Structures are given as C-alpha cells and as structure tokens.
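The model shown is predicted, which means the values in this text are computed figures rather than measured ones. The sequence lines fix the lettering, A, B, ..., with proteins before strands; numbering per chain opens at 1.
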2 protein chains.
Amino acid sequence: MKTKNKTRNLILGLLCESPLSGYEIKKIVDSRFSFFWSESFGQIYPVLEKMKEDGVILETESANTSGRRKIRKYEITPEGIAEMTFWLTEPVEKETVRYEILLKLFFSNLVSPEVMIEHIREFQRNHRKQQLLFDGFEKELTNTIHLHNNHPQVLMTLLFGQKVYKAYDEWCTEAIDLLRKIKPEQECAT
Amino acid sequence: MKTKNKTRNLILGLLCESPLSGYEIKKIVDSRFSFFWSESFGQIYPVLEKMKEDGVILETESANTSGRRKIRKYEITPEGIAEMTFWLTEPVEKETVRYEILLKLFFSNLVSPEVMIEHIREFQRNHRKQQLLFDGFEKELTNTIHLHNNHPQVLMTLLFGQKVYKAYDEWCTEAIDLLRKIKPEQECAT
DNA sequence: TTAGGCATGTAACCCGTTACATGATTTG
DNA sequence: CAAATCATGTAACGGGTTACATGCCTAA
C-alpha cells in the first residue's frame, strides 16, 4: 500500500466529503488549494480511472442532467477511506522545493541589478494578489463556522499561507532595497 | 533557446565561477542550496553530456591525479555564458508547490488530532535543524566578505530562508496549539 | 452565430528519482 | 581487510504538464 501518487490522496480526501466529478475536483484545487497544491486534467482523469479499477472509488452515473453532456461523478468506497486514513498516518515526505527565483538571484551578478529587481517585484505582485484572496477566504470561513467538521484544519492551512506569504512579502521589500545598493561596477557582465 | 531544464541553468551558473565535476556540483547543491534546490546524480550526468554536445560547456580532462579514477571537469563556454545571461533575464516561472503537510492537515479530521500534531512536530524539528545551518552560513559569509562578487546575492537567498523558516516555525507552534484544542468528538473516524 | 464555459479524455514529452553497477582510493 | 567515500554512469519507472481533440450548452 505504498502510495507515492499524491493526486490520488487529494482525490480521496475530497471524495470523503461528497461525490465529485473530475472537472469539479480541478475547480476546487484551482480555487481553494491553489496556494499549496496544483493538478492538471491530464493527471486527474487517468488517475480517476485507475482508482476505479482499484476499487477505492466508484462511478455513480449521476444523470445526464437536462440533455447535457454526461457528467461522471465518483464516490469513495470503504477501501478508499481505509487507504486515505492509512496515508494520513504515514509520515510526511521531505518536500523538494525548487525556488527558481532564488536560483536566479544567486547567479544574478551576471546581469544588471535592475533585472533581478524586476523579477522580485513581479514575484511580490503575484503573491500580494494571493494574500488578498486569503483575507476573502478567512471571512467566508468565519461566516460559515461549524458548517464543516474540518473547519479548524482549513483555517490552519490558511494561517500557513498568510504567515509564509507575509514572510515572502517582507523579503521582497528588503531584497529590492539591498539590490538597489549594489553598485553597477560590482557586476560581471551585462 | 527556450530552456525549461532548470538543472541545466544551475550547472551553467555554478560553472560561471569555476570548472567543476558532476560530483562536485552535487555536493555544492546538497550543502549550500539544499533549502531551495535539489539535484540527483541521475539527472546531473546525462544533462552534462547533453550540454557538452550543445557546446555550452566543455570537458577539460583535468588529470588522472595520482592514479585516481578519472575526474571529468567541465568549464563553461561563451555560448554557455550567453545562454545563462539570457535565462537570467527571462521572467521567473510560476512555481507549482505541493505541501504534502497542508494536504494532510486539510483532510486530517479523518484521524485523531495527535497524528497531525506528530507530523507537524517532525516538520518543525527538520526545519529547525536547517535554521541552525543558516546561522552557520551567515557567519561564514560575514567572515569572507568581498571574496566573491556575488556575496550580496548569496546573503539575500539566506535571508529568504531565514524569514520563511521563521514563518514555518511560528506556524508549527500555533498549529499544534490549535490542534490540541480540538475535541476528540469532533472527529469523523479513527 | 460565435465565443466561452462546462466536461472528458489522450498522446507526447520531459523531468526527476531510485536503484543498480562499476571501480578506485582512503581510513580504521 | 572491510567499510566508507570518491566518482561516474545507466535503466526503469513514475509523475506531471502541455497540447490537442471532442462535443454540448448558454449568453452576448
């Protein structure tokens, strides 16, 4: 039962709450998980097929609603719940992050400081957009408190995002300041 | 010239400073880049071969020193420097992070809070170890100031690590506190 | 009517890890 | 001598993205 496939666990987790289609899974990930997870259709659909074969989920031919294209809804089986709870107890694997922005920064003495400043500004802009979304989520959650039994857990993931993104933001500001102090003659090439 | 292969850029960057072997590249990444980058031998050696073919690096048959096994040293070519500077000016691609710990947390109402508390403790321990290394690096750097012309850039990557890991650490403490407050009857299953 | 969102799926490709094989040299 | 470390390499595999193909429905 050694599941390296995290997509599989994501799907199992979502289906623990309610049956969903592949399309809906993707939408949920894109909207609520985007700051710590991502999935593509090219991954989701084949994995769903495999999971059906393995008997951890089953298709609940949930209607051809109003002559629309067939929507394949899936629900979790007891085997699926067992697999999910097993995975939850397994230790978290060491994540292998790769911050392209830090790699560029590390070697950025090959180009003018302005280049790197612009990269960091862009990074800061993108992450500030996400920070605004955090605030929205938080309000949404405090309004619907106790509606979901995983409410505290959701808040905690949010808290993670808020703290880390705040750290990103502060770093961006400081890094830009530091880069501005670098004299052009210290460069290697342009 | 659309390089998606980041390993290639890492190698180019390192070779800008001095010629290196595949083994040395791996050691540098493991020791100094580990908190924001990772590489495996199975990736490095084939990429080096490909880069040689493409003429961005060349092998400088750096001696069979004292009858030892042949060490293949590589140095960068002008084409390699051009490729690297081009990549540095290209925008940073949106990173797709996947925090397994947050995915587990999000769905952790399926198991007892103690399970998740232990995962977070482990996460905190691992990252605190790295935080100690940051302090060591910093001292090392302040001693050798001005020895390398990318000194400020290195310090900035370090600053990033320090800020983000501090955010991790604070979150861990708060999250564990919050999890302790969850009453067992709020769970779904065990 | 056409653009865009809903919905599913596949093929090609790349990226990267793991595991293994090989062999030399150093150190206990 | 055995174990660890230095050093290079390959094969197998899996994970994941991108791009494409298909088709339906709704709203401008």
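- A salt bridge is absent between E53(A) and K50(A): the closest approach of a Lys/Arg side-chain nitrogen to an acidic carboxylate oxygen does not fall below 4.0 angstrom.
- Evaluation of the side-chain hydrogen bond (donor to acceptor under 3.5 Å, both in side chains) rule for K94(A) yields no partner, not counting sequence neighbours.
- The CD1 atom of I44(B) sits 13 Å away from the P atom of dA7(D) (whole-angstrom rounding).
- Scanning all heavy atoms of the two residues, the minimum distance from L48(B) to G22(B) falls at CD1-CA, 3.7 Å.
- Rotation axes derived from the C1' atoms of the five outermost pairs at either end of the helix from dT1(C)-dA28(D) to dG28(C)-dC1(D) lie 30° apart, to the nearest 10°.
- Applying the side-chain hydrogen bond (donor to acceptor under 3.5 Å, both in side chains) test to Y45(B) and every residue at least two apart in sequence or in another chain returns nothing.
- Listed by chain and number, the residues in a side-chain hydrogen bond (donor to acceptor under 3.5 Å, both in side chains) with E49(B) amount to none (sequence neighbours excluded).
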Set out, line by line, the N/O atom pairs under 3.5 Å between protein and nucleotides 17-20 of chain C.
{"from": "dT17(C)", "atom 1": "OP2", "to": "S40(B)", "atom 2": "N", "distance (Å)": "3.3"}
{"from": "dT17(C)", "atom 1": "OP2", "to": "S40(B)", "atom 2": "OG", "distance (Å)": "2.8"}

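- Checking dG16(D), dT10(C), dG9(D) against the side-chain heavy atoms of Y45(A) singles out dT10(C) as nearest.
- At a non-hydrogen distance threshold of 4.0 Å, S21(B), G22(B), Y23(B) from residues 21-36 of chain B come into contact with DNA chain D.
- The interatomic distance linking K73(A) (NZ) with dC6(C) (P) rounds to 14 Å, in whole Å.
- Using the six-membered ring where Trp is involved, F106(B) and F36(A) have ring planes that are tilted, between 30° and 60° apart.
- Between K6(A) atom NZ and dG16(D) atom P the separation is 8 Å, expressed in whole Å.
- Ranking dT8(C), dG16(C), dG16(D) by closeness to the T7(A) side chain, first place goes to dG16(D).
- For the salt bridge (Lys or Arg N to Asp or Glu O under 4.0 Å) condition, the pairs that include at least one residue of residues 36-47 of chain B, sequence neighbours left out, are R98(A)-E39(B).
- In this structure, E93(A) atom CD and dG15(D) atom C1' are separated by 12 Å, rounded to whole Å.
- Remark: K163(B) engages A167(A), E170(A), W171(A), E174(A), L159(B) in a side chain to side chain contact (heavy atoms under 4.5 Å, CB included) (not counting sequence neighbours).
- Checked against side-chain hydrogen bond (donor to acceptor under 3.5 Å, both in side chains), S21(A) has the following partners two or more places apart in sequence or in another chain: E24(A).
- R180(A) is linked by a side chain to side chain contact (heavy atoms under 4.5 Å, CB included) to I117(A), R121(A), I176(A), D177(A), counting only residues two or more places apart in sequence or in another chain.
- When rounded to the nearest whole Å, the span between CG of N9(A) and P of dG16(D) equals 10 Å.
- Protein atom CD1 of I11(B) is 13 Å distant from nucleotide atom C1' of dC15(C), rounded to whole Å.
- Looking at residues two or more places apart in sequence or on another chain, you find a side chain to side chain contact (heavy atoms under 4.5 Å, CB included) between L88(B) and K104(A), F107(A), L110(A), V111(A), M84(B).
- Spacing between atom CD of E49(B) and atom P of dA11(D) amounts to 13 Å, rounded to whole angstrom units.
- Summarising the geometry, the separation between OH on Y74(B) and C1' on dG9(D) is reported as 10 Å, rounded to the nearest angstrom.
- Distances from the side chain of P46(A) to the nucleotides dG9(C), dT10(D), dT10(C) place dT10(C) closest.
- Judged as a side chain to side chain contact (heavy atoms under 4.5 Å, CB included), and not counting sequence neighbours, the contacts of D169(B) are Q124(B), R128(B), Q131(B).
- OP1 or OP2 of dC15(C) has not a single side-chain nitrogen or oxygen of R8(B) nearer than 4.0 Å.
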